[in-house]
**Q** 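Okay, handing you the structure first.
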Amino acid sequence: MPELPEVEVTRLSFAEGISGATIVAARLGLPLRWPLGVDPQQLQGQTVRAVRRRGKYLLIDLSEGLLLMHLGMSGSVVFAAALADAGKHDHFDLETSLGTLRLNDPRRFGAVVFASGEADPVAIKLLGRLGVEPLGDDFDALDFYLSLQQRKAPIKQVLLAGDVVVGVGNIYASEALFLAGMRPTTRANRISRPRAVRLHAAIRQVLARAVEKGGSTLRDFSNAQGESGHFQLEAMVYAREGEPCRQCASVIKSIRQGQRSTFFCPQCQKP
DNA sequence: CACGGATCCTGATGGC
DNA sequence: TGCCATCAGGATCCGT
């Protein structure tokens with residue numbers, strides 16, 4: 001479930017609870033994306049200072065280092081005083097004086113990596129190429145436009161690449177492009193300045209609204225239809241191939257871009 | 001260097 | 001307690 005909003009909501013859910021804790025032990029399950037990313041012994045005895053986020057990475061500041069966690073496609077985190085024995089897909093436990101942080105990740109595309117700090121080459125390798133934070137003050141519309149001018153790939157794939165702006169995953173990319181009235185196949189360098197400004201606003205709006213709603217993802221929402229309270233998160237285009245556009249009733253189309261599904265309204269979204 | 005394709009892994013789903 | 005193909009919210013590596 002993790003795109004930026006879900007990672008941010010995850011962070012908020014345990015950051016306060018774990019801050020100040022002393023690490024008692026760490027346990028590894030099956031290998032994650034980088035199996036040698038962390039040695040449990042180097043964590044023991046350290047203190048958790050704070051939990052931050054960069055893109056879709058969780059950054060856990062320790063007294064002597066930095067723990068980077070990524071949820072991949074299927075990861076989720078729980079933090080509780082007492083947890084049951086680790087299950088089949090629990091691949092990392094961080095037992096602390098204030099509770100245990102557990103990463104569950106069936107597909108194991110996630111990662112847990114230790115670095116001495118943000119200047120550590122390991123951290124730079126993972127974080128160094130990331131683009132600007134979409135919800136931060138540094139996400140500037142003109143800079144965004146200028147960055148897009150440098151790229152000739154389809155805008156959908158530029159958004160997913162994460163080196164211009166981070167955190168926009170496959171669902172929110174389709175949704176943001178719909179909101180901006182822009183065809184996903186449009187080459188980034190063909191986007192005019194006014195349209196880039198509109199897309200910039202759409203990205204912020206889609207992600208900010210999702211964070212406000214507690215990170216309920218669009219897909220989770222559609223599975224939970226019938227439950228009240230999350231109507232605003234209903235997808236406009238994602239996973240709605242063949243259904244009528246909620247804005248103009250045209251049939252929603254689906255295409256493949258870079259082995260990922262993209263959804264759009266051919267009427268509302270212009271090349 | 002930017003781009004596009006292949007790849008890691010398990011589980012859910014739908015057609016036969 | 002069928003089998004097989006396809007697809008899934010991410011990101012890296014590699015050839016061009």
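Remember, predicted model here, so these are calculated numbers, not experimental data. Below, read A as the first sequence line, B as the second, and so on, with proteins coming before strands; counting in each chain starts at 1. Values reported hereafter were calculated over all heavy atoms of this structure, with side chains retained and with hydrogens, waters and symmetry mates removed.
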**Q** Could you work out, with salt bridge (Lys or Arg N to Asp or Glu O under 4.0 Å) as the rule, every residue matching Asp61(A), not counting sequence neighbours?
**A** Arg52(A)

**Q** With a non-hydrogen cut-off below 4.0 angstrom, is Arg256(A) in contact with a base, only sugar-phosphate, or nothing?
**A** sugar-phosphate

**Q** Restricting to pairs with a member in residues 179-207 of chain A, which pass ring pair (Phe, Tyr, Trp, His ring centres under 6.0 Å), not counting sequence neighbours?
**A** Phe139(A)-His200(A)

**Q** Expressed in angstrom and rounded to an integer, what is the separation of Arg260(A) atom CZ from dG9(C) atom C1'?
**A** 7 Å

**Q** Would you please name every residue forming a ring-ring contact (aromatic ring centres under 6.0 Å, His included) with His70(A), sequence neighbours left out?
**A** Tyr57(A)

**Q** With rounding to whole Å, what would you report as the distance between dA6(B) and dT6(C) at their P atoms?
**A** 14 Å

**Q** Using atom CG of Asn189(A) as one end and atom C1' of dC1(B) as the other, report the distance to the nearest whole Å.
**A** 15 Å

**Q** How far does the P atom of dC7(C) sit from the matching atom of dG5(B), given to the nearest Å?
**A** 15 Å

**Q** Atom CZ of Arg54(A) and atom P of dA11(C): how far apart are they, to the nearest Å?
**A** 12 Å

**Q** Tell me the interatomic distance from Trp34(A), atom CH2, to dC13(C), atom C1', rounded to whole angstroms.
**A** 11 Å

**Q** Rounded off to whole Å, could you give me the CG-to-C1' distance for the Leu71(A) and dA8(C) pair?
**A** 16 Å

**Q** Could you provide the dot-bracket string of DNA chain B, using ( ) for intrastrand pairs, [ ] for crossing pairs and | for bases paired to another strand, with Watson-Crick or G-U pairs below 3.5 Å?
**A** .|||||||.|||||||

**Q** Using distance only, find each side-chain donor-acceptor pair of residues 37-44 of chain A under 3.5 Å and give its atom names and separation, not counting sequence neighbours.
**A**
residue	atom	partner	partner atom	Å
Asp39(A)	OD1	Gln41(A)	N	3.0
Gln42(A)	OE1	Asp39(A)	N	3.0

**Q** Could you state the NE2-P distance from His70(A) to dA11(C), rounded to the nearest angstrom?
**A** 4 Å

**Q** Within a radius of less than 6.0 Å around NZ of Lys125(A), do more than 12 heavy atoms belonging to other residues, nucleotides or ligands occur?
**A** no

**Q** Checking Thr100(A) against Asp93(A): is there a side-chain donor and acceptor pair closer than 3.5 Å?
**A** no

**Q** Counting C-beta onward and ignoring hydrogens, is there a side-chain heavy-atom pair between Glu241(A) and Phe263(A) closer than 4.5 Å?
**A** yes

**Q** Return yes if some donor-acceptor pair links the side-chain N/O of Arg190(A) with the main-chain N/O of Thr186(A) below 3.5 Å, else return no.
**A** no

**Q** What's the closest nucleotide to the Tyr57(A) side chain, out of dT12(C), dC13(C), dC3(B)?
**A** dT12(C)

**Q** Is it the case that over 12 heavy atoms from other parts of the model lie below 6.0 angstrom from the CZ atom of Arg129(A)?
**A** no

**Q** Rounded to whole angstroms, how far apart are CD1 on Ile255(A) and C1' on dC7(C)?
**A** 17 Å

**Q** Do Gln257(A) and Thr262(A) get their side chains close enough for a donor-acceptor pair, meaning under 3.5 Å?
**A** yes

**Q** When every nucleotide of nucleotides 4-11 of chain B is labelled 5' to 3' by its protein contacts under 4.0 Å (heavy atoms), B for base, S for sugar-phosphate only, - for none, what sequence of letters results?
**A** SSB-BBBS

**Q** Taking the minimum atom-to-atom distance to the side chain of Ile171(A), which one of dC3(B), dG9(C), dG10(C) wins?
**A** dG9(C)

**Q** Give me the distance, rounded to whole Å, that separates dG11(B) from dT12(C) when you measure between the C1' atoms they each carry.
**A** 23 Å

**Q** Is the shortest side-chain N/O distance from Tyr172(A) to OP1 or OP2 of dG9(C) below 4.0 Å?
**A** no

**Q** Using atom P of each nucleotide, how far apart are dC9(B) and dC14(C) to the nearest Å?
**A** 16 Å

**Q** Check the distance between dA11(C)'s P and Met73(A)'s CE and give it to me in whole angstrom.
**A** 10 Å

